[in-house]
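The chains referred to below are lettered A, B, ... by the order of the sequence lines, with proteins before strands, and numbering in each begins at 1. These figures come from a predicted structure and were not determined experimentally.
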Number of protein chains: 2
Amino acid sequence: MSSTRILILGTLLDGPLHGYEVRRRLELWGASQWANVAFGSIYHGLAKMAEEGLLTVVEQGKGGKTVYELTADGRLEFQRRLLTSWWEVQPIVDPFQVALTFMNRLAPADLVVAMEARAEQLRAAISMTERAIGGKQAFGAPRHVDECLRLNAAQLTAQLAWVSEAIGRVKDGELP
Amino acid sequence: MSSTRILILGTLLDGPLHGYEVRRRLELWGASQWANVAFGSIYHGLAKMAEEGLLTVVEQGKGGKTVYELTADGRLEFQRRLLTSWWEVQPIVDPFQVALTFMNRLAPADLVVAMEARAEQLRAAISMTERAIGGKQAFGAPRHVDECLRLNAAQLTAQLAWVSEAIGRVKDGELP
DNA sequence: ACGTGATCATTCAAATTTGTATATAAATTT
DNA sequence: AAATTTATATACAAATTTGAATGATCACGT
(Lines give C-alpha, C1' and ligand atoms only; values in the text may rest on other atoms or scores of the structure.)
Protein backbone atom coordinates (compact mmCIF):
# COMPACT_ATOMS: atom_id res chain seq x y z
CA MET A 1 0.00 0.00 0.00
CA SER A 2 1.56 3.27 -1.05
CA SER A 3 1.00 6.54 0.78
CA THR A 4 0.23 8.76 -2.18
CA ARG A 5 -3.47 8.88 -1.61
CA ILE A 6 -3.51 9.76 2.05
CA LEU A 7 -0.88 12.43 1.45
CA ILE A 8 -2.96 14.06 -1.28
CA LEU A 9 -6.12 13.90 0.81
CA GLY A 10 -4.24 15.38 3.74
CA THR A 11 -3.07 18.42 1.80
CA LEU A 12 -6.65 19.19 0.80
CA LEU A 13 -8.06 19.14 4.34
CA ASP A 14 -7.79 22.90 4.76
CA GLY A 15 -9.09 23.95 1.39
CA PRO A 16 -9.07 23.33 -2.36
CA LEU A 17 -5.77 23.23 -4.22
CA HIS A 18 -4.42 22.43 -7.67
CA GLY A 19 -1.87 19.72 -8.37
CA TYR A 20 1.22 21.83 -8.34
CA GLU A 21 0.39 23.35 -4.99
CA VAL A 22 -0.35 19.91 -3.51
CA ARG A 23 3.12 18.87 -4.53
CA ARG A 24 4.64 22.02 -2.99
CA ARG A 25 3.06 21.37 0.39
CA LEU A 26 4.25 17.79 0.42
CA GLU A 27 7.74 18.96 -0.46
CA LEU A 28 7.62 21.37 2.49
CA TRP A 29 6.61 18.57 4.83
CA GLY A 30 9.58 16.53 3.67
CA ALA A 31 7.37 13.87 2.11
CA SER A 32 9.44 13.76 -1.05
CA GLN A 33 12.08 12.04 1.09
CA TRP A 34 10.00 9.03 1.98
CA ALA A 35 7.10 8.80 -0.46
CA ASN A 36 6.30 8.59 -4.16
CA VAL A 37 5.11 12.08 -4.76
CA ALA A 38 6.53 12.93 -8.16
CA PHE A 39 4.26 15.21 -10.14
CA GLY A 40 3.00 12.39 -12.24
CA SER A 41 1.79 10.49 -9.18
CA ILE A 42 0.02 13.54 -7.79
CA TYR A 43 -1.89 14.33 -10.97
CA HIS A 44 -2.82 10.73 -11.46
CA GLY A 45 -3.97 10.42 -7.86
CA LEU A 46 -6.06 13.57 -8.08
CA ALA A 47 -7.76 12.50 -11.30
CA LYS A 48 -8.42 8.98 -10.02
CA MET A 49 -9.84 10.06 -6.68
CA ALA A 50 -12.04 12.64 -8.40
CA GLU A 51 -13.37 9.85 -10.59
CA GLU A 52 -14.10 7.83 -7.46
CA GLY A 53 -15.94 10.69 -5.77
CA LEU A 54 -13.39 11.45 -3.04
CA LEU A 55 -12.66 14.80 -4.66
CA THR A 56 -14.52 17.23 -6.89
CA VAL A 57 -13.18 19.63 -9.47
CA VAL A 58 -13.89 23.13 -8.21
CA GLU A 59 -12.41 25.23 -10.94
CA GLN A 60 -11.75 23.73 -14.33
CA GLY A 61 -9.25 26.23 -15.40
CA LYS A 62 -8.97 28.73 -18.10
CA GLY A 63 -5.35 28.09 -19.00
CA GLY A 64 -5.75 24.53 -17.79
CA LYS A 65 -5.45 25.02 -14.02
CA THR A 66 -7.58 22.44 -12.26
CA VAL A 67 -8.48 22.91 -8.59
CA TYR A 68 -9.69 19.98 -6.49
CA GLU A 69 -11.71 19.95 -3.28
CA LEU A 70 -12.39 17.20 -0.75
CA THR A 71 -15.88 15.71 -0.68
CA ALA A 72 -17.48 14.29 2.45
CA ASP A 73 -16.44 10.85 1.24
CA GLY A 74 -12.91 12.09 0.79
CA ARG A 75 -12.79 13.33 4.37
CA LEU A 76 -13.99 9.97 5.64
CA GLU A 77 -11.44 8.18 3.51
CA PHE A 78 -8.69 10.35 4.99
CA GLN A 79 -9.77 9.58 8.54
CA ARG A 80 -9.96 5.88 7.75
CA ARG A 81 -6.46 5.85 6.33
CA LEU A 82 -5.11 7.99 9.14
CA LEU A 83 -6.35 5.56 11.74
CA THR A 84 -4.81 2.57 10.01
CA SER A 85 -1.53 4.52 9.71
CA TRP A 86 -1.49 4.87 13.47
CA TRP A 87 -2.78 1.45 14.41
CA GLU A 88 -1.01 -0.84 11.96
CA VAL A 89 2.71 -1.28 12.33
CA GLN A 90 3.98 -1.60 8.81
CA PRO A 91 7.48 -2.68 7.80
CA ILE A 92 10.23 -0.07 7.47
CA VAL A 93 11.66 -0.13 3.97
CA ASP A 94 15.34 0.64 4.00
CA PRO A 95 17.31 0.26 0.75
CA PHE A 96 20.35 -0.46 2.87
CA GLN A 97 18.82 -3.86 3.63
CA VAL A 98 19.69 -4.77 0.04
CA ALA A 99 23.32 -3.95 0.67
CA LEU A 100 23.23 -6.06 3.82
CA THR A 101 21.61 -8.98 2.07
CA PHE A 102 24.52 -9.20 -0.32
CA MET A 103 27.35 -8.29 2.02
CA ASN A 104 29.02 -11.61 1.32
CA ARG A 105 29.36 -10.69 -2.37
CA LEU A 106 31.92 -7.97 -1.73
CA ALA A 107 35.58 -8.70 -0.91
CA PRO A 108 36.09 -8.11 2.84
CA ALA A 109 38.62 -5.34 2.19
CA ASP A 110 36.20 -3.48 -0.12
CA LEU A 111 33.46 -4.06 2.40
CA VAL A 112 35.38 -2.38 5.19
CA VAL A 113 36.16 0.63 3.01
CA ALA A 114 32.52 0.96 2.00
CA MET A 115 31.35 0.63 5.60
CA GLU A 116 33.73 3.28 6.85
CA ALA A 117 32.62 5.65 4.10
CA ARG A 118 29.02 4.95 4.96
CA ALA A 119 29.57 5.65 8.64
CA GLU A 120 30.99 9.01 7.66
CA GLN A 121 28.05 9.80 5.38
CA LEU A 122 25.61 8.77 8.07
CA ARG A 123 27.21 11.10 10.59
CA ALA A 124 26.86 13.93 8.06
CA ALA A 125 23.24 13.03 7.27
CA ILE A 126 22.36 12.88 10.95
CA SER A 127 23.82 16.26 11.79
CA MET A 128 22.20 17.76 8.72
CA THR A 129 18.82 16.37 9.77
CA GLU A 130 19.26 17.65 13.30
CA ARG A 131 20.17 21.09 12.06
CA ALA A 132 17.04 21.15 9.90
CA ILE A 133 14.86 20.75 12.99
CA GLY A 134 12.97 23.95 13.65
CA GLY A 135 13.87 25.44 10.28
CA LYS A 136 10.61 24.78 8.48
CA GLN A 137 8.14 26.75 10.57
CA ALA A 138 9.42 29.88 8.85
CA PHE A 139 7.86 28.58 5.64
CA GLY A 140 4.51 27.71 7.14
CA ALA A 141 5.04 24.10 8.12
CA PRO A 142 3.26 23.00 11.30
CA ARG A 143 5.45 22.48 14.35
CA HIS A 144 5.10 18.73 14.49
CA VAL A 145 6.87 18.13 11.15
CA ASP A 146 9.99 18.39 13.28
CA GLU A 147 8.98 15.08 14.78
CA CYS A 148 9.43 13.44 11.38
CA LEU A 149 12.97 14.77 11.33
CA ARG A 150 13.63 13.60 14.87
CA LEU A 151 12.39 10.10 14.09
CA ASN A 152 14.43 10.01 10.92
CA ALA A 153 17.55 11.09 12.76
CA ALA A 154 16.96 8.36 15.33
CA GLN A 155 16.66 5.70 12.64
CA LEU A 156 19.81 6.90 10.91
CA THR A 157 21.54 6.78 14.26
CA ALA A 158 20.45 3.17 14.65
CA GLN A 159 21.94 2.40 11.27
CA LEU A 160 25.16 4.15 12.20
CA ALA A 161 25.38 2.10 15.38
CA TRP A 162 24.98 -1.10 13.36
CA VAL A 163 27.64 -0.09 10.84
CA SER A 164 30.12 0.97 13.52
CA GLU A 165 29.76 -2.28 15.35
CA ALA A 166 29.84 -4.39 12.20
CA ILE A 167 33.08 -2.85 10.95
CA GLY A 168 34.85 -4.45 13.87
CA ARG A 169 33.26 -7.80 13.24
CA VAL A 170 34.22 -7.76 9.57
CA LYS A 171 37.80 -6.92 10.48
CA ASP A 172 37.83 -9.84 12.92
CA GLY A 173 36.50 -12.15 10.21
CA GLU A 174 33.26 -12.87 12.11
CA LEU A 175 31.31 -11.35 9.23
CA PRO A 176 30.17 -12.09 6.65
CA MET B 1 14.89 3.39 -7.57
CA SER B 2 13.33 0.10 -6.58
CA SER B 3 15.34 -2.91 -5.50
CA THR B 4 13.59 -5.57 -7.54
CA ARG B 5 16.30 -5.88 -10.15
CA ILE B 6 19.29 -6.25 -7.88
CA LEU B 7 17.40 -8.78 -5.78
CA ILE B 8 16.60 -10.92 -8.80
CA LEU B 9 20.15 -10.67 -10.11
CA GLY B 10 21.43 -11.60 -6.67
CA THR B 11 19.40 -14.79 -6.46
CA LEU B 12 20.81 -15.93 -9.80
CA LEU B 13 24.46 -15.49 -8.82
CA ASP B 14 24.90 -19.12 -7.82
CA GLY B 15 23.09 -20.72 -10.71
CA PRO B 16 20.05 -20.62 -13.00
CA LEU B 17 16.58 -20.56 -11.50
CA HIS B 18 12.98 -20.18 -12.58
CA GLY B 19 10.69 -17.40 -11.36
CA TYR B 20 8.97 -19.29 -8.61
CA GLU B 21 12.24 -20.37 -7.07
CA VAL B 22 13.63 -16.82 -7.25
CA ARG B 23 10.66 -15.70 -5.23
CA ARG B 24 11.18 -18.50 -2.70
CA ARG B 25 14.76 -17.49 -2.05
CA LEU B 26 13.84 -13.85 -1.57
CA GLU B 27 11.12 -14.88 0.84
CA LEU B 28 13.69 -16.85 2.83
CA TRP B 29 15.99 -13.84 3.04
CA GLY B 30 13.12 -11.79 4.42
CA ALA B 31 13.04 -9.54 1.37
CA SER B 32 9.28 -9.71 1.15
CA GLN B 33 9.28 -7.52 4.26
CA TRP B 34 11.06 -4.58 2.70
CA ALA B 35 10.82 -4.89 -1.08
CA ASN B 36 8.33 -5.26 -3.91
CA VAL B 37 8.81 -8.88 -4.74
CA ALA B 38 5.32 -10.12 -5.50
CA PHE B 39 5.32 -12.80 -8.19
CA GLY B 40 4.20 -10.37 -10.82
CA SER B 41 7.21 -8.15 -10.22
CA ILE B 42 9.59 -11.09 -10.39
CA TYR B 43 8.28 -12.44 -13.69
CA HIS B 44 8.21 -9.00 -15.21
CA GLY B 45 11.75 -8.28 -14.03
CA LEU B 46 13.05 -11.57 -15.37
CA ALA B 47 11.44 -11.06 -18.78
CA LYS B 48 12.63 -7.47 -19.01
CA MET B 49 16.19 -8.20 -18.03
CA ALA B 50 16.33 -11.12 -20.44
CA GLU B 51 15.22 -8.76 -23.18
CA GLU B 52 18.03 -6.39 -22.18
CA GLY B 53 20.66 -9.09 -22.24
CA LEU B 54 21.33 -9.30 -18.50
CA LEU B 55 19.82 -12.78 -18.41
CA THR B 56 19.34 -15.61 -20.86
CA VAL B 57 16.64 -18.23 -21.00
CA VAL B 58 18.31 -21.56 -20.35
CA GLU B 59 15.37 -23.89 -20.48
CA GLN B 60 12.18 -22.81 -22.18
CA GLY B 61 9.97 -25.27 -20.50
CA LYS B 62 7.82 -28.10 -21.49
CA GLY B 63 4.88 -27.40 -19.26
CA GLY B 64 5.86 -23.73 -19.32
CA LYS B 65 8.72 -23.68 -16.82
CA THR B 66 11.25 -21.01 -17.82
CA VAL B 67 14.71 -21.03 -16.30
CA TYR B 68 16.93 -17.94 -16.41
CA GLU B 69 20.69 -17.61 -16.13
CA LEU B 70 22.94 -14.59 -15.54
CA THR B 71 24.99 -13.35 -18.48
CA ALA B 72 28.36 -11.64 -18.09
CA ASP B 73 26.53 -8.33 -18.46
CA GLY B 74 24.12 -9.37 -15.76
CA ARG B 75 26.97 -10.08 -13.37
CA LEU B 76 28.48 -6.67 -14.04
CA GLU B 77 25.12 -5.02 -13.52
CA PHE B 78 24.79 -6.77 -10.17
CA GLN B 79 28.21 -5.58 -9.02
CA ARG B 80 27.44 -2.06 -10.16
CA ARG B 81 24.20 -1.98 -8.24
CA LEU B 82 25.75 -3.59 -5.19
CA LEU B 83 28.41 -0.91 -4.98
CA THR B 84 25.88 1.89 -5.22
CA SER B 85 23.82 0.17 -2.52
CA TRP B 86 26.80 0.36 -0.20
CA TRP B 87 28.09 3.77 -1.17
CA GLU B 88 24.90 5.80 -1.52
CA VAL B 89 22.92 6.56 1.59
CA GLN B 90 19.34 6.47 0.46
CA PRO B 91 16.34 7.63 2.48
CA ILE B 92 14.60 5.22 4.82
CA VAL B 93 10.96 4.88 3.87
CA ASP B 94 8.80 4.38 6.93
CA PRO B 95 5.01 4.43 6.51
CA PHE B 96 4.81 5.66 10.07
CA GLN B 97 6.09 9.01 8.82
CA VAL B 98 2.65 9.45 7.27
CA ALA B 99 1.01 9.01 10.64
CA LEU B 100 3.41 11.54 12.15
CA THR B 101 2.79 14.05 9.40
CA PHE B 102 -0.89 14.12 10.27
CA MET B 103 -0.66 13.74 14.03
CA ASN B 104 -2.47 17.05 14.45
CA ARG B 105 -5.54 15.65 12.68
CA LEU B 106 -6.37 13.25 15.48
CA ALA B 107 -7.99 14.31 18.75
CA PRO B 108 -5.28 14.31 21.46
CA ALA B 109 -7.12 11.65 23.47
CA ASP B 110 -7.36 9.33 20.45
CA LEU B 111 -3.75 10.07 19.68
CA VAL B 112 -2.58 8.93 23.09
CA VAL B 113 -4.57 5.72 22.85
CA ALA B 114 -3.13 4.99 19.40
CA MET B 115 0.40 5.74 20.56
CA GLU B 116 0.15 3.46 23.56
CA ALA B 117 -1.20 0.67 21.38
CA ARG B 118 1.62 1.23 18.93
CA ALA B 119 4.24 1.10 21.65
CA GLU B 120 2.82 -2.26 22.67
CA GLN B 121 2.87 -3.58 19.10
CA LEU B 122 6.41 -2.33 18.61
CA ARG B 123 7.60 -4.18 21.71
CA ALA B 124 6.01 -7.34 20.35
CA ALA B 125 7.52 -6.83 16.89
CA ILE B 126 10.97 -6.22 18.35
CA SER B 127 10.96 -9.33 20.48
CA MET B 128 9.62 -11.38 17.58
CA THR B 129 12.39 -10.08 15.33
CA GLU B 130 15.01 -10.81 17.96
CA ARG B 131 13.72 -14.33 18.44
CA ALA B 132 13.91 -14.90 14.66
CA ILE B 133 17.66 -14.23 14.73
CA GLY B 134 19.53 -17.42 14.06
CA GLY B 135 16.43 -19.28 12.98
CA LYS B 136 16.91 -19.14 9.23
CA GLN B 137 20.19 -20.97 8.81
CA ALA B 138 18.28 -24.21 9.25
CA PHE B 139 16.59 -23.49 5.92
CA GLY B 140 19.76 -22.66 4.03
CA ALA B 141 19.96 -18.93 4.51
CA PRO B 142 23.48 -17.52 4.85
CA ARG B 143 24.54 -16.42 8.32
CA HIS B 144 24.60 -12.71 7.57
CA VAL B 145 20.85 -12.47 6.92
CA ASP B 146 20.67 -12.20 10.68
CA GLU B 147 22.24 -8.79 10.31
CA CYS B 148 19.15 -7.62 8.43
CA LEU B 149 17.07 -8.69 11.39
CA ARG B 150 19.39 -6.98 13.85
CA LEU B 151 19.28 -3.74 11.92
CA ASN B 152 15.52 -3.96 11.64
CA ALA B 153 15.17 -4.54 15.37
CA ALA B 154 17.38 -1.52 16.02
CA GLN B 155 15.23 0.69 13.82
CA LEU B 156 12.04 -0.50 15.46
CA THR B 157 13.64 0.22 18.82
CA ALA B 158 14.37 3.76 17.65
CA GLN B 159 10.72 4.14 16.72
CA LEU B 160 9.63 2.78 20.08
CA ALA B 161 11.87 5.27 21.84
CA TRP B 162 10.30 8.10 19.87
CA VAL B 163 6.75 6.95 20.63
CA SER B 164 7.44 6.46 24.33
CA GLU B 165 8.88 9.92 24.67
CA ALA B 166 6.17 11.54 22.55
CA ILE B 167 3.35 10.06 24.61
CA GLY B 168 4.50 12.19 27.53
CA ARG B 169 4.69 15.30 25.41
CA VAL B 170 1.21 14.80 24.03
CA LYS B 171 -0.17 14.36 27.53
CA ASP B 172 1.54 17.60 28.56
CA GLY B 173 0.04 19.41 25.60
CA GLU B 174 3.43 20.14 24.02
CA LEU B 175 2.43 18.06 21.00
CA PRO B 176 1.05 18.36 18.47
C1' DA C 1 8.60 46.76 -25.79
C1' DC C 2 11.86 42.69 -26.03
C1' DG C 3 14.39 38.75 -24.99
C1' DT C 4 15.56 35.41 -21.41
C1' DG C 5 15.84 32.66 -17.61
C1' DA C 6 13.11 30.98 -13.57
C1' DT C 7 8.98 29.35 -11.74
C1' DC C 8 4.46 27.54 -12.44
C1' DA C 9 1.35 23.84 -14.14
C1' DT C 10 0.24 19.92 -16.60
C1' DT C 11 0.44 15.95 -19.88
C1' DC C 12 1.97 11.70 -21.70
C1' DA C 13 4.38 7.38 -22.98
C1' DA C 14 6.98 3.90 -20.99
C1' DA C 15 8.13 1.12 -17.04
C1' DT C 16 6.81 -1.08 -13.03
C1' DT C 17 3.76 -3.05 -9.47
C1' DT C 18 -0.44 -5.25 -7.82
C1' DG C 19 -3.65 -8.62 -7.45
C1' DT C 20 -6.10 -12.01 -9.29
C1' DA C 21 -6.92 -15.78 -12.44
C1' DT C 22 -5.28 -19.86 -14.47
C1' DA C 23 -3.08 -24.39 -15.00
C1' DT C 24 -0.60 -28.30 -13.62
C1' DA C 25 1.67 -31.49 -10.41
C1' DA C 26 2.04 -33.59 -5.84
C1' DA C 27 0.21 -35.04 -1.59
C1' DT C 28 -3.70 -36.30 1.19
C1' DT C 29 -8.15 -37.79 2.28
C1' DT C 30 -12.12 -40.59 1.65
C1' DA D 1 -8.72 -45.11 -7.23
C1' DA D 2 -11.46 -41.05 -7.26
C1' DA D 3 -11.83 -36.70 -5.04
C1' DT D 4 -9.85 -32.94 -2.64
C1' DT D 5 -6.54 -30.05 -0.98
C1' DT D 6 -2.04 -27.95 -1.18
C1' DA D 7 2.01 -26.40 -3.52
C1' DT D 8 4.10 -25.20 -7.79
C1' DA D 9 4.37 -22.17 -11.75
C1' DT D 10 2.97 -18.59 -14.80
C1' DA D 11 0.07 -15.00 -17.27
C1' DC D 12 -2.42 -11.00 -17.59
C1' DA D 13 -5.39 -6.83 -16.99
C1' DA D 14 -5.63 -2.88 -14.20
C1' DA D 15 -3.41 0.48 -11.32
C1' DT D 16 0.37 3.13 -10.25
C1' DT D 17 4.91 5.37 -10.73
C1' DT D 18 8.60 7.51 -13.35
C1' DG D 19 10.75 10.83 -15.88
C1' DA D 20 10.96 13.62 -19.50
C1' DA D 21 8.49 16.86 -22.52
C1' DT D 22 5.55 20.71 -23.11
C1' DG D 23 3.51 25.25 -22.48
C1' DA D 24 2.24 29.36 -19.85
C1' DT D 25 3.39 33.05 -16.93
C1' DC D 26 6.29 36.13 -14.34
C1' DA D 27 10.42 38.96 -13.06
C1' DC D 28 13.96 41.67 -14.60
C1' DG D 29 17.45 43.88 -16.95
C1' DT D 30 18.12 46.27 -21.45
- Query: If you measure from CE on Met115(B) to CG on Leu175(B), what distance do you get to the nearest 0.5 Å?
  - Reply: 7.0 Å

- Query: Which nucleotide in the set dT10(D), dT17(D), dC8(C) lies at the smallest distance from any side-chain heavy atom of His44(A)?
  - Reply: dT17(D)

- Separation of atom NE2 in His18(B) from atom P in dA11(D), rounded to whole Å: 13 Å

- Roughly how many Å is it from CD1 in Ile42(B) to P in dA11(D), rounded to a whole number? 14 Å

- Using only side-chain N and O atoms of Arg24(A), determine if any of them is under 4.0 Å from OP1 or OP2 of dA9(C). no

- Query: Can you check the Arg5(A) CZ to dT17(C) P distance for me, whole Å?
  - Reply: 19 Å

- Message: Please tell me if Tyr43(A) has a side-chain N or O lying less than 4.0 Å from either OP1 or OP2 of dT10(C).
- Response: yes

- Task: Output the single nucleotide from dA9(C), dA9(D), dT17(D) whose closest atom is nearest the side chain of Thr4(A).
- Result: dT17(D)

- Note on the structure: Taking dT17(D), dT18(C), dC8(C) as options, the one with an atom nearest any side-chain atom of Ser41(A) is dT17(D)

- Task: Give one of base, sugar-phosphate or nothing for Gly40(B), where a contact means two heavy atoms less than 4.0 Å apart.
- Result: base

- Taking dA7(D), dT17(C), dC8(C) as options, the one with an atom nearest any side-chain atom of Tyr20(B) is dA7(D)

- Message: Any base atoms under 4.0 Å from Arg23(A), or only sugar-phosphate, or nothing? Heavy atoms, all strands.
- Response: nothing

- Message: Side-chain heavy atoms nearer than 4.5 Å, only ILVMFWY residues, links allowed to pass through others: does that put Trp87(B) and Val170(A) together?
- Response: yes

- Task: Could you tell me whether the phosphate oxygens of dT16(D), OP1 or OP2, come under 4.0 Å of any side-chain nitrogen or oxygen in Asn36(A)?
- Result: no

- Message: For dT17(D) and Ser2(B) - does any side-chain N or O of the residue sit under 4.0 Å from the phosphate oxygens OP1/OP2?
- Response: no

- Query: Going only through I, L, V, M, F, W and Y residues with side-chain contacts under 4.5 Å, is there a path from Tyr20(B) to Leu9(B)?
  - Reply: no

- Message: In this structure, how many angstroms lie between the C1' atom of dA15(C) and the CE atom of Met49(B), rounded?
- Response: 13 Å

- Message: Please report the distance, rounded to the nearest Å, between NZ in Lys65(B) and C1' in dT10(D).
- Response: 12 Å

- Against the side chain of Lys48(A), the closest entry in dA9(C), dT18(C), dT16(D) is dT16(D)

- Message: Can you measure Phe39(B) atom CZ to dT8(D) atom P for me and round it to whole angstrom units?
- Response: 9 Å

- For atom CG of Leu17(B) and atom C1' of dT10(D), their distance in whole Å: 16 Å

- Message: Between Trp162(A) and Gln155(B), do the side chains contain a donor N or O and an acceptor N or O under 3.5 Å apart?
- Response: no

- Query: Near Gln121(A) CD, under 6.0 Å, is it more than 12 heavy atoms from other residues, nucleotides or ligands?
  - Reply: yes

- Message: If I take atom CD in residue Glu52(B) and atom C1' in nucleotide dT16(C), what distance separates them, rounded to the nearest angstrom?
- Response: 12 Å

